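A quick note: this is a predicted structure, and the numbers were derived from the prediction, not measured. We're numbering straight along the sequence, starting at 1.
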Amino acid sequence: MQIGMIGLGKMGYNLALNLKNNGHSVSGFDLSSEARSAAQKEGINTFDSIDGLLDSLDSPKVVWVMVPAGKPTEVVLEELFSKMKADDIVIEGGNSNFNDSVRRAQVASEKGIHFLDVGTSGGTSGANAGACLMIGGNREAYERVEQIFKDVSVKDGYLYAGESGAGHFLKMVHNGIEYGFMQAIGEGFQVVQKSHYNFDLADVARVWNNGSVIRSWLMELTENAFRKDANLDGIRGVVAASGEAKWTLETALDLEVPVPVIALSLMMRNRSQEEDSFSAKVVAALRNEFGGHAVVKK
């Protein structure tokens with residue numbers, strides 16, 4: 001299948017490679033000439049404008065957008081909706097607010113354009129070798145491009161979630177849960193690190209990740225982080241909150257659902273902006289391990 005990828009950063013670049021490796025014809029656009037050059041070296045034809053990318057695609061066109069949530073996504077989608085035609089498909093795979101996705105789907109539908117909101121998980125390694133996808137939008141449009149989602153996902157790693165907004169809604173809640181998991185790991189390791197025992201933290205993570213109830217990919221990444229820096233001395237415990245946990249909390253309040261763990265994990269990220277703590281270091285290191293998110297160096 002022929003696909004245009006807008007956004008060749010960490011996630012978009014790896015998704016483009018994944019698509020190419022699965023036999024799809026992929027073209028790309030990014031504002032960064034360095035990003036375009038990196039993709040070009042991997043055999044992905046790139047363009048320095050959205051117009052050039054769209055002109056390279058046969059109709060009906062399929063365009064996958066992987067740019068930061070908020071204004072960058074809004075600007076790109078506004079341009080696409082003004083230039084694409086009826087029956088074209090836009091796949092939006094960033095961490096957008098599901099309410100924005102509902103609104104954008106309505107704008108697209110007024111022009112006959114199909115809009116699929118796709119929550120994307122698995123980090124950069126997943127984007128490259130097997131992602132987890134949660135998809136919302138028109139079912140007929142989804143079925144037309146389902147093979148794309150099947151090809152880039154791990155086995156059983158994609159789900160048609162329902163009407164517009166459903167994909168990004170699930171990713172929002174997923175990330176809220178992720179905040180809680182990571183905070184618990186960080187706090188647990190702070191207790192271990194503060195004890196009078198001389199533990200090797202990487203070995204602790206290793207044994208916990210083999211046969212224990214708390215074994216997980218996050219625990220594997222915890223071990224990786226400690227192998228690189230035994231006590232995380234090289235980074236500060238400053239952890240960014242990218243928005244999804246806040247949206248999850250707000251939605252839970254609207255639905256009158258108690259989510260104390262997610263709420264407190266969000267508060268701890270906000271607190272990390274003011275002081276350094278070992279638990280925050282662990283969470284910062286984990287975010288860097290799975291998503292390449294920047295850490296604040298000492």
Side-chain angles (χ1 to χ4, degrees), residues 1-13 15-16 19 24-37 39-40 44-120 133-146 148-149 152 160-169 171-172 243 247:
M1 192 173 294
Q2 193 180 46
I3 305 144
M5 180 69 68
I6 295 181
L8 296 170
K10 291 176 293 189
M11 292 296 289
Y13 170 77
L15 277 169
L19 287 162
H24 298 282
S25 173
V26 187
S27 301
F29 161 74
D30 196 284
L31 291 172
S32 165
S33 59
E34 291 82 2
R36 295 196 303 270
S37 177
Q40 196 81 38
I44 296 169
N45 196 22
T46 64
F47 298 86
D48 59 8
S49 69
I50 289 178
D51 282 333
L53 177 67
L54 292 177
D55 288 344
S56 74
L57 301 174
D58 297 332
S59 293
K61 305 178 191 301
V62 178
V63 175
W64 195 321
V65 179
M66 289 298 294
V67 300
K71 187 174 180 180
T73 295
E74 192 73 23
V75 169
V76 168
L77 292 177
E78 284 179 356
E79 183 170 354
L80 287 177
F81 292 163
S82 71
K83 293 176 177 178
M84 295 179 75
K85 306 298 183 184
D87 213 32
D88 288 345
I89 295 176
V90 175
I91 300 168
E92 203 274 275
N95 283 327
S96 292
N97 187 298
F98 74 97
N99 292 303
D100 288 335
S101 297
V102 172
R103 171 179 55 80
R104 291 162 178 163
Q106 179 59 38
V107 172
S109 69
E110 292 170 359
K111 300 174 179 289
I113 299 168
H114 304 294
F115 180 84
L116 298 175
D117 56 281
V118 179
T120 308
L133 305 176
M134 297 142 269
I135 306 133
N138 178 274
R139 186 171 192 114
E140 291 182 5
Y142 157 77
E143 290 174 349
R144 279 172 47 192
V145 294
E146 181 182 3
I148 294 174
F149 301 132
V152 301
Y160 174 70
E163 62 192 63
S164 294
H168 281 150
F169 183 92
K171 182 56 164 50
M172 173 190 74
W247 301 337

Decide yes or no on salt bridge (charged side-chain N to carboxylate O under 4.0 Å, His left out) for R139 and E163, but give the supporting numbers first. CA-CA 8 Å; R139 186 171 192 114; E163 62 192 63; over 6 Å; no

Neighbour count above 12 (heavy atom, 6.0 Å) for K85 NZ: no

Can you tell me if CD on E110 sees more than 12 non-hydrogen neighbours from other groups inside 6.0 Å? yes

Starting from the C-alpha separation in whole Å, work towards a yes-or-no answer on salt bridge (charged side-chain N to carboxylate O under 4.0 Å, His left out) for D51 and K83. CA-CA 8 Å; D51 282 333; K83 293 176 177 178; 2.9 Å; yes

Determine whether D100 and T73 satisfy the following criterion, side-chain contact (heavy atoms from CB on, under 4.5 Å), listing intermediate values before the conclusion. CA-CA 10 Å; D100 288 335; T73 295; over 6 Å; no

side-chain contact (heavy atoms from CB on, under 4.5 Å) assessment of V76 paired with E79: CA-CA 5 Å; V76 168; E79 183 170 354; 6.0 Å; no

With heavy-atom distances below 4.5 Å as the criterion, would you say the side chains of [X] and [Y] are in contact?
X: W64; Y: V152; answer: yes
X: Q2; Y: H24; answer: no
X: L80; Y: V65; answer: yes
X: L8; Y: M5; answer: yes
X: I91; Y: F149; answer: yes
X: V63; Y: I6; answer: yes
X: M172; Y: H168; answer: no

Minimal non-hydrogen separation, [X] against [Y], with atom names:
X: G52; Y: S49; answer: N-OG, 2.9 Å
X: G70; Y: R104; answer: O-NH2, 3.9 Å
X: S96; Y: S101; answer: CB-OG, 4.1 Å
X: S164; Y: A105; answer: OG-CB, 3.2 Å

Member of M11, M134, E92 meeting the side chain to side chain contact (heavy atoms under 4.5 Å, CB included) criterion with T120: M11

May I have the step-by-step check of side-chain contact (heavy atoms from CB on, under 4.5 Å) for F29 and T46, ending in yes or no? CA-CA 6 Å; F29 161 74; T46 64; over 6 Å; no

Spacing of [atom1] belonging to [X] relative to [atom2] belonging to [Y], to within rounding of 0.5 Å:
X: N95; Y: N97; atom1: CG; atom2: CG; result: 10.5 Å
X: I3; Y: L53; atom1: CD1; atom2: CG; result: 11.5 Å
X: M1; Y: I148; atom1: CE; atom2: CD1; result: 4.5 Å
X: L19; Y: S27; atom1: CG; atom2: OG; result: 11.0 Å
X: N138; Y: Y160; atom1: CG; atom2: OH; result: 6.5 Å
X: Y13; Y: I44; atom1: OH; atom2: CD1; result: 7.0 Å

Please confirm whether the backbone N or O of [Y] pairs with a side-chain atom of [X], one donor and one acceptor, at under 3.5 Å?
X: D117; Y: G165; value: yes
X: S37; Y: E34; value: no
X: S59; Y: K61; value: no
X: S109; Y: G112; value: no

Fit a plane to each ring of F81 and F115, take the angle between them on a 0 to 90° scale, and name the class: parallel (under 30°), tilted (30 to 60°) or perpendicular (over 60°). perpendicular

side-chain contact (heavy atoms from CB on, under 4.5 Å) between H114 and V145, worked out: CA-CA 11 Å; H114 304 294; V145 294; over 6 Å; no

Any salt bridge linking R103 with E74? Criterion: basic side-chain nitrogen under 4.0 Å from a carboxylate oxygen. yes

